[in-house]
Amino acid sequence: MAKQYRKLQKNLYKKPEKKEPTEKIGKDYVLMAVTIFTLLITAAGWTSLDNLSRVMYTLLSVSLMLTYAKRHATLDEKKATLVERASLATMGLAVILFVVSIVRHFMS
């Protein structure tokens, strides 16, 4: 009788099985579109941009490409961490250069 009771308990109150979290990776069309747009703006305006803007757009393009690579490349944990940090660093530098560019434009 106890065995049947345990079987019923087991069948009625099943414990949820532990599933490994699988990260669903999307297509990232928006990220690809923004990256291509940034590359096109950089290439088209290369002659009319000053050096500060050239570096800023280049860093922004590199950051977007690194973000895409981190999301879609199969990297081990150490390399993924390095790619993520490089992406954040280039994005931070691009933002700093953007602020410097804005300050230079409106202060002069």
Side-chain angles (χ1 to χ4, degrees):
M1 191 77 165
K3 282 185 180 181
Q4 290 176 349
Y5 179 72
R6 274 183 267 161
K7 282 183 182 179
L8 282 172
Q9 288 284 347
K10 190 175 182 180
N11 288 336
L12 289 176
Y13 304 109
K14 290 184 179 180
K15 293 181 182 177
E17 295 178 12
K18 293 183 181 178
K19 295 181 182 178
E20 292 184 22
T22 56
E23 192 174 311
K24 185 175 180 183
I25 297 175
K27 299 287 187 215
D28 286 333
Y29 292 126
V30 175
L31 181 59
M32 288 189 295
V34 171
T35 304
I36 291 170
F37 179 72
T38 306
L39 287 171
L40 288 175
I41 293 296
T42 305
W46 189 263
T47 57
S48 63
L49 294 173
D50 61 342
N51 288 337
L52 187 67
S53 296
R54 288 177 187 164
V55 173
M56 178 183 66
Y57 278 110
T58 304
L59 285 172
L60 182 60
S61 298
V62 168
S63 176
L64 291 169
M65 285 185 255
L66 287 172
T67 301
Y68 186 83
K70 184 199 174 291
R71 293 182 66 145
H72 292 281
T74 52
L75 303 170
D76 61 350
E77 189 174 332
K78 186 176 181 180
K79 289 180 183 177
T81 303
L82 289 175
V83 169
E84 182 177 4
R85 287 180 184 169
S87 174
L88 290 174
T90 55
M91 181 66 72
L93 287 172
V95 168
I96 290 170
L97 290 177
F98 177 71
V99 170
V100 169
S101 175
I102 294 296
V103 167
R104 279 183 45 192
H105 179 74
F106 287 111
M107 293 302 234
S108 59

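- There is a path of hydrophobic side-chain contacts, each under 4.5 Å, that joins Val62 to Leu75.
- In this structure, CG on Asp28 lies 11.0 Å from CG on Leu64, to the nearest 0.5 angstrom.
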Please table the atom pairs, donor to acceptor, closer than 3.5 Å between any side-chain atom in residues 80-99 and protein atoms at least two apart or in another chain.
from	atom 1	to	atom 2	distance (Å)
Thr81	OG1	Glu77	O	2.8
Ser87	OG	Ser63	O	3.3
Ser87	OG	Thr67	OG1	2.8
Thr90	OG1	Ala86	O	3.0
Thr90	OG1	Ser87	O	3.0

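- When hydrophobic clusters are built by joining Ile, Leu, Val, Met, Phe, Trp and Tyr residues whose side-chain heavy atoms come closer than 4.5 Å, directly or via intermediates, Leu59 is grouped together with Met56.
- Within the model, atoms CG of Leu52 and OH of Tyr57 stand 11.0 Å from one another, a figure rounded to the nearest 0.5 Å.
- Hydrophobic clustering, with ILVMFWY side chains joined whenever heavy atoms are under 4.5 angstrom apart, groups Val30 together with Tyr68.
- Under the 3.5 Å distance criterion, the side-chain polar atoms of Arg54 are left unmatched by any main-chain donor or acceptor of Thr42.
- Under a hydrophobic clustering in which Ile, Leu, Val, Met, Phe, Trp and Tyr are joined whenever their side-chain heavy atoms come within less than 4.5 Å, directly or via other members, Met65 and Leu60 fall into different clusters.
- Hydrophobic clustering places Tyr29 together with Val34 (ILVMFWY residues linked when any side-chain heavy atoms are closer than 4.5 Å, directly or through intermediates).
- The OG atom of Ser53 sits 12.0 Å away from atom CD1 of Ile41, with the distance rounded to the nearest 0.5 Å.
- In this structure, CE on Met107 lies 12.5 Å from CD1 on Ile102, to the nearest 0.5 angstrom.
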Does Lys79 form a side-chain contact (heavy atoms from CB on, under 4.5 Å) with Asp76? I'd like the steps, not just the answer.
CA-CA 6 Å; Lys79 289 180 183 177; Asp76 61 350; 3.0 Å; yes
